[in-house]
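Just so you know, these numbers use all the heavy atoms, side chains as well, and skip hydrogens, waters and symmetry mates. The chains referred to below are lettered A, B, ... by the order of the sequence lines, with proteins before strands, and numbering in each begins at 1.
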There are 2 protein chains.
Amino acid sequence: MPKAVDHDSRRRKIADAVCRLADKRGFEGVSLRDVAAEADVSMGAVQRCFHTKEDMLRFALQEVGRRALSRARGAEPQVGAPLPQVTGEGVLSHRSEAKVWLAFAAQAAVSPPLAEVLRANYAELHGIFTRLLADRPDPEHAATTLLALADGLTTHVVVGHLSHDQARAVLEAHLAE
Amino acid sequence: MPKAVDHDSRRRKIADAVCRLADKRGFEGVSLRDVAAEADVSMGAVQRCFHTKEDMLRFALQEVGRRALSRARGAEPQVGAPLPQVTGEGVLSHRSEAKVWLAFAAQAAVSPPLAEVLRANYAELHGIFTRLLADRPDPEHAATTLLALADGLTTHVVVGHLSHDQARAVLEAHLAE
DNA sequence: TCGTAGCTAATGCAAGCGCATCGAAAGGTT
DNA sequence: AACCTTTCGATGCGCTTGCATTAGCTACGA
């Protein structure tokens, strides 16, 4: 029988292809055939890794979320270390896959499985930001506000209403309050 | 020859159908056939009102934007009247077609014609909010921040991370600063 | 009445979609 | 070598899509 395939690795490879396509063409640009081509695997391989397109999209969104969490966690305090400075750039960086996130968020509005993944991710991000803002009078509320502001600014940057620098400046001013 | 058709009225009727479908099924649910059925007109009528699907979507987004501006303008001060109170509910109401806006925003990320419509709309909204926040130290910056916060909160409500009431409370607290 | 201009709805067309299927290939075991 | 299991890639299938096309209808003016 043929060499065993590293399914985890392949699934991630395919999820990365999904994100690249969503970034370039939006959600509608994510067809199985295009994903297979982008990931340099066959259609059959995509189908063997994911039973349905929805499974594939869910996994891709989970990957996006994992990466966002990983970046946010990189800003978390180490045990015994002083509370790190929360910066505008740092907050924006957790949405570095902005277009992809926006495409998924819009789809999540009409797809409960995707919405579920997003909610779980938001809950964890909220926890991380609450800890990062532990020196505020109400860290939870501050985290809620900061997350929303960051996402709103990200959307405005994506559509070209604001520049990245403007968005960062807004966050810095907000954090300075 | 047949009775002249009120094209403006029909275009708006079709745009409304687009928005209803986008609200229920996201952007992918907006096919010409479904729009025609939703608007209770034939495929031919849709095609006669809009040369391409892109035209139709652009017009629909303009309609969404016009409605948002109309709502925001309703909050604008009348000449000689005192500056009205900006409320959280008032700010959120300009995004009452939240899912539709989110779907269009995501698509605008990869569609320059839609992005252009959105930018123009944001610019006008920004102007309105700047005037509404004229009593702040920096009204422009305050408007930028408020718009972003509102959009971020709207997204979080749509995906179910926050409730409408939570979003409103965040805005009220922000406005009270 | 006839001709014309505007409007109509249904359908054709080519392309693409997600998912299922199938014969072939590959590697391990006996 | 033969057999079995796993993996493979190409393609079939039924359906949907945007846009083009066609034959027909209607109202108005000469």
Problem set entry | Worked verdict on A/Glu116 versus A/Arg119 for salt bridge (Lys or Arg N to Asp or Glu O under 4.0 Å) | CA-CA 5 Å; A/Glu116 191 184 336; A/Arg119 280 197 293 276; 5.7 Å; no
Exercise. Any N or O donor-acceptor pair linking the side chain of A/Arg33 to the base of C/dG18 at under 3.5 Å?
Worked result: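 Such a pair exists between side chain and base.
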Round to the nearest Å and state the distance from [X] atom [atom1] to [N] atom [atom2].
X	N	atom1	atom2	value
B/Glu54	D/dT17	CD	P	19 Å
B/Lys53	D/dA20	NZ	P	15 Å
B/Glu28	D/dG18	CD	P	11 Å
A/Arg48	D/dA10	CZ	P	11 Å
B/Phe50	C/dC7	CZ	P	15 Å
A/Leu21	C/dC17	CG	P	11 Å
A/Leu32	D/dG9	CG	P	15 Å
A/Asp34	C/dC19	CG	C1'	16 Å

For this session: Not counting sequence neighbours, list each pair that qualifies as a ring-ring contact (aromatic ring centres under 6.0 Å, His included) and has a residue in residues 11-50 of chain A.
Result: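 Residue pairs with at least one partner in residues 11-50 of chain A: A/Phe27-A/Phe104, A/Phe50-A/Phe59.
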Between [options], spot the one nearest the side chain of [X], thanks.
X	options	answer
A/Gln47	C/dC17, D/dC19, C/dA20	C/dA20
B/Met43	D/dC19, D/dG9, C/dA9	D/dC19
B/Thr52	D/dC19, D/dG9, C/dA9	D/dC19

For this session: Describe the nucleic acid contact of A/Val46 in one word from base, sugar-phosphate, nothing, applying a heavy-atom distance below 4.0 Å.
Result: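 If one applies the 4.0 Å heavy-atom cut-off, A/Val46 turns out to touch nothing in the nucleic acid.
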For this session: Looking at every strand, decide which applies to B/Val35 at a 4.0 Å heavy-atom threshold: base, sugar-phosphate, or nothing.
Result: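 Nothing: the residue B/Val35, judged by heavy atoms under 4.0 Å, touches no strand.
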Problem set entry | Residue whose closest nucleotide on DNA chain C lies nearer the 5' end, A/Ser31 versus A/His51 |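 In this pair, the answer is A/Ser31.
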For this session: Please list, chain by chain and in numerical order, all residues satisfying salt bridge (Lys or Arg N to Asp or Glu O under 4.0 Å) with B/Lys13, sequence neighbours excluded.
Result: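 Not a single residue meets the salt bridge (Lys or Arg N to Asp or Glu O under 4.0 Å) criterion with B/Lys13.
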Exercise. Just by distance, with hydrogens left out, do B/His126 and B/Thr144 show a side-chain donor and acceptor under 3.5 Å apart?
Worked result: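 Side-chain D/A pair, B/His126 to B/Thr144: present.
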Problem set entry | Side-chain donor/acceptor of B/Gln166 to backbone N/O of B/Ser163, under 3.5 Å |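 Here the side-chain-to-backbone pair exists.
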Problem set entry | Position toward the 5' end of DNA chain D (nearest nucleotide), A/His7 or B/Val30 |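 Whichever sits nearer the 5' end wins; that is A/His7.
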